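A short worksheet on the structure shown next.
Please read all numbers here as calculations on a predicted model, not as lab measurements.
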Amino acid sequence: MTDSKYFTTNKKGEIFELKAELNNEKKEKRKEAVKKVIAAMTVGKDVSSLFPDVVNCMQTDNLELKKLVYLYLMNYAKSQPDMAIMAVNSFVKDCEDPNPLIRALAVRTMGCIRVDKITEYLCEPLRKCLKDEDPYVRKTAAVCVAKLHDINAQMVEDQGFLDSLRDLIADSNPMVVANAVAALSEISESHPNSNLLDLNPQNINKLLTALNECTEWGQIFILDCLSNYNPKDEREAQSICERVTPRLSHANSAVVLSAVKVLMKFLELLPKESDYYNTLLKKLSPPLVTLLSGEPEVQYVALRNINLIVQKRPEILKQEIKVFFVKYNDPIYVKLEKLDIMIRLASQANIAQVLAELKEYATEVDVDFVRKAVRAIGRCAIKVEQSAERCVSTLLDLIQTKVNYVVQEAIVVIRDIFRKYPNKYESIIATLCENLDSLDEPDARAAMIWIVGEYAERIDNADELLESFLEGFHDESTQVQLTLLTAIVKLFLKKPSETQEETHTYTHTNISPSFDSDNPDLRDRGYIYWRLLSTDPVTAKEVVLSEKPLISEETDLIEPTLLDELICHIGSLASVYHKPPNAFVEGSHGIHRKHLPIQHGSIDTGESPVSAGPAAPIEQAQSVIPSQGDLLGDLLNLDLGPPVNVPQQSSMQMGAVDLLGGGLDSLVTVCMFIFLYLLSLFPQIWLPAVKAKGLEISGTFSRRQGQMYMDMTFTNKALQHMTDFAIQFNKNSFGVIPTTPLPIHTPLMPSQSIEVSLPLNTIGPVMKMDPLNNLQVAVKNNIDVFYFSGLIPLNIFFVEDGKMERQVFLATWKDIPNENELQYQIKECHLNADTVSGKLQNDNIYTIAKRNVEGQDMLYQSLKLTNGIWILAELRIQPGNPNYTVKHPRLSL
């Protein structure tokens, strides 16, 4: 008889009987009793009163009975912590049992019992198990470290378990290596800024060796770890790719996607013209295609990941479009995803095949799928201009079917085609007007009204068509009402009335229904149109009939910065949701945001700049060039007495120097001289409305009274109001973060703009950017999260106390070797030395001394950045010569 018998009893007084059986002298009786206890626990009965009796059964050699007792302990230890301590001695004893299965079982169970009193006793057995002779015990102990870290992180660090985990990466058993990597990765998530894995070429080689021999889940852990490594050059990247490529043929789809993630990241480091780059692209295609032959759920996950891959590198699957043709028995979620990928892969070469497929799909019975197929035909027309005429013809054929939802979706699509190709396909308007009476969906009615208004001068009875919509104005949806209001104004402007009295009558009669609306957007738009038409029809024409930007198929693509981050999460939920982890994982604010490596020579090591290495000597950090011979003493008119102590910099400041890498050579040139010409900065559009669902953000940076500001203008160009604004910065070279939340406290209504001034500071996390002054920003509102980047003018980082003491300047200047000199020419600058000095001082670039030597004005200047770095330079100005010479040191980093 099977163990199911233990779940069928309903006897009363069962606890008393079980207690007696648990204390029976016969081993078999005790084993049967424990099974009954576990069965009762499983169905929800409270058997916690048997805790001491069950614990007594731990003293046995029977592995099955031991497992059952451990299962009971894990369930009830939290509610009975005092009694759980009774089992500690047995755990410690089992950790030294000759049987490796029992040793592993004991340490695994102790890790699962989340009771502080027990974890104190776990350390010593765990330390022994981490160095156990049996690999099964070691791999179990590695996972136990991660569990213990979740309970008491400080204890794990104090006991040196993290170092033991790192040692296991060099273990001879591949499964031990995989579990050590998994444990360290898990711990790293709670310490995003730490470098626990210590990835270097030696460790990477060990991981790649273990990759071939461990289980499929072990391979996933190792591949995920490899994806976080940034190779030092393209040769190392190619070597890793060659050793990872065989995983593409693995039977487990999770292994395949993890391998694809690694290869997609390392492709960034390979030159596109190389043979290996093209070979690797060809190798990526077959495994992705193979994933589509699995179960529907696996297909969907694969398709969501392929959608990202196609947006990043469409050339991988450009020859495989037939694979994404829909099958009759595909679930709807698979069909819709395939359809989306088909559009992304559509090109002039395959558009005939795609259109034939889409036309076939439009005759299916699934309404949602048919709508998406009709919409896809329109997207093809917008994306592939050469196919637009064929797409329009296909849409007309579908309209002739007179299927209501097909007709309505086709009209919506044709509206978008008109916006992309104005004045090109107007001959079909008559056909569209024939179906006016059958339109009952807001989107379709709004689209038809827009077409009538936009081409009112070509439709003889345009006024009658719009009046038919006006009859039920108050019953229409807001979308239709707004579109109808604009269409009426367009009609009047294109077919104006002859007298002023007729104009007033027309505007009041047709626009006045909006005045009574409860919707503020509609009411305000009505009043604006009425006043415009009543007072200045010419201006109204310029506003309403102004040329509009053409729409683009690319508007549905994922923003490039977000796409790069999602590529780093292929094979995870983020790649299925198409959202970064911090958007849906609770308590994930500290998660380190991943990014693709930067190609050739500017690869981010991923290390914290503060701990990048020992601090360089101060003479190197403040390197400046010497002047000619002994001119310096005379130049500064100073006593050359004893050496002066140069201000010392902290290790944090030296980290900032490391962060800037070789960028300071160009930094000085840019920051000191471009601002001679561009002292007044004009606002730039950082986030266009077409990329942010109607939200436009423009602005600039400024420094006022010692405080940095980000001055922004938010403009709502959508048809709905926007609320709940928030802003967040990515890590950047200077640690710039907002000082306060975004000060937008009222809804931003359509067509409204609001100016905000956001104070900034430089105490945030630091990461080297390319270029150095690049700032990546995320802005959230009630509609979505939007991403953009902008360049902060470098003079914003010049602090007010950047005027170095003369003696300090002299002491530093003298000790710089001649070979560190860099020299630049600034051309066509018609300013004298005093004017230059004054302008530079406005940007906190201070003149320490000025001297005329052999007819040249020589300015010696200093500035200080927000991260504590000093920059010194010499500027030579020859009167009457518009070309200046600047010299400054090449910093030794």
Side-chain angles (χ1 to χ4, degrees), residues 173-175 177-179 181-182 185 204-229 231 234-270 274-310 312-325 327 334 337-338 341 345 566-572 575-576 596:
N173 186 283
M175 269 315 299
V177 175
N179 278 23
V181 168
S185 299
I204 291 297
N205 189 50
K206 293 170 186 173
L207 295 181
L208 289 168
T209 302
L211 185 63
N212 297 320
E213 302 174 27
C214 59
T215 65
E216 51 195 20
W217 298 113
Q219 292 180 37
I220 293 170
F221 291 135
I222 291 176
L223 287 169
D224 286 347
C225 180
L226 289 173
S227 70
N228 294 324
Y229 176 64
E234 75 178 58
R235 184 176 178 183
E236 186 183 6
Q238 181 173 330
S239 173
I240 295 173
C241 289
E242 287 171 351
R243 297 176 70 175
V244 168
T245 303
R247 300 303 105 204
L248 293 174
S249 57
H250 201 281
N252 188 310
S253 54
V255 176
V256 174
L257 285 176
S258 294
V260 168
K261 172 169 62 180
V262 175
L263 298 175
M264 284 293 292
K265 284 194 72 173
F266 289 179
L267 272 172
E268 296 291 318
L269 302 175
L270 301 177
S274 68
D275 293 336
Y276 183 74
Y277 177 89
N278 296 316
T279 303
L280 193 54
L281 289 182
K282 291 176 183 176
K283 287 183 178 179
L284 278 169
S285 176
L288 293 173
V289 171
T290 304
L291 290 176
L292 300 182
S293 59
E295 296 298 317
E297 294 79 9
V298 175
Q299 285 187 52
Y300 179 73
V301 172
L303 287 166
R304 292 294 283 176
N305 282 274
I306 289 171
N307 200 324
L308 296 174
I309 293 167
V310 164
K312 184 67 180 175
R313 299 193 183 278
E315 62 270 24
I316 292 176
L317 289 162
K318 66 180 180 181
Q319 304 296 334
E320 304 289 346
I321 194 165
K322 287 188 177 180
V323 175
F324 301 102
F325 287 175
K327 299 176 183 175
V334 171
E337 204 59 39
K338 283 185 173 180
I341 295 172
L345 292 175
L566 293 177
I567 291 292
C568 299
H569 290 288
I570 284 177
S572 70
S575 66
V576 178
L596 293 178

Evaluate the side-chain proximity of [Y] to [X]: yes if any heavy-atom separation is below 4.5 Å, no if none is.
| X | Y | answer |
| --- | --- | --- |
| Phe324 | Leu303 | yes |
| Val310 | Ile316 | no |
| Leu284 | Leu267 | yes |
| Arg304 | Leu308 | no |
| Tyr229 | Val262 | no |
| Leu566 | Ser575 | no |
| Leu211 | Val177 | no |
| Glu320 | Leu317 | yes |

_Sidechain-backbone polar pair: Lys265 side chain, Ser227 backbone, donor-acceptor under 3.5 Å_ = yes
Rounded to the nearest 0.5 Å, how far apart are [atom1] of [X] and [atom2] of [Y]?
| X | Y | atom1 | atom2 | answer |
| --- | --- | --- | --- | --- |
| Thr245 | Leu263 | OG1 | CG | 5.0 Å |
| Lys206 | Ile222 | NZ | CD1 | 13.0 Å |
| Glu216 | Asn252 | CD | CG | 4.0 Å |
| Glu337 | Gln299 | CD | CD | 11.5 Å |
| Leu257 | Leu288 | CG | CG | 7.5 Å |
| Leu226 | Arg247 | CG | CZ | 11.0 Å |

Can you name the closest pair of heavy atoms from [X] and [Y] and give their distance?
| X | Y | result |
| --- | --- | --- |
| Asn305 | Val301 | ND2-O, 2.7 Å |
| Met175 | Cys214 | SD-CB, 3.8 Å |
| Pro287 | Leu248 | CB-O, 3.4 Å |
| Pro296 | Val334 | O-CG2, 3.7 Å |
| Leu292 | Ala302 | CD2-CB, 4.2 Å |
| Ile309 | Val260 | CD1-CG1, 3.7 Å |

*asked:* For Arg243 and Asn205, which I'm curious about, is there any donor-acceptor pair between the side chains at under 3.5 Å?
replied: yes
_Residue pair Tyr300, Val576: steps toward the side-chain contact (heavy atoms from CB on, under 4.5 Å) verdict_ = CA-CA 9 Å; Tyr300 179 73; Val576 178; 4.1 Å; yes
*Give a yes or no on this: more than 12 heavy atoms of other residues, nucleotides or ligands lie within 6.0 Å of atom CZ of Phe266.*
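Yes.
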_Please evaluate residues Ile567 and Lys261 with respect to the criterion side-chain contact (heavy atoms from CB on, under 4.5 Å), reporting the C-alpha separation (whole Å), side-chain torsions for both, the decisive distance (0.1 Å), and the verdict._
CA-CA 7 Å; Ile567 291 292; Lys261 172 169 62 180; over 6 Å; no
*Return each pair, listed once, that meets side chain to side chain donor-acceptor pair (under 3.5 Å) where at least one residue sits in residues 276-298; pairs must be two or more places apart or across chains.*
Tyr277-Arg313
*Would you please name every residue forming a side-chain hydrogen bond (donor to acceptor under 3.5 Å, both in side chains) with Lys312, sequence neighbours left out?*
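Residues passing side-chain hydrogen bond (donor to acceptor under 3.5 Å, both in side chains) with Lys312: Asp564.
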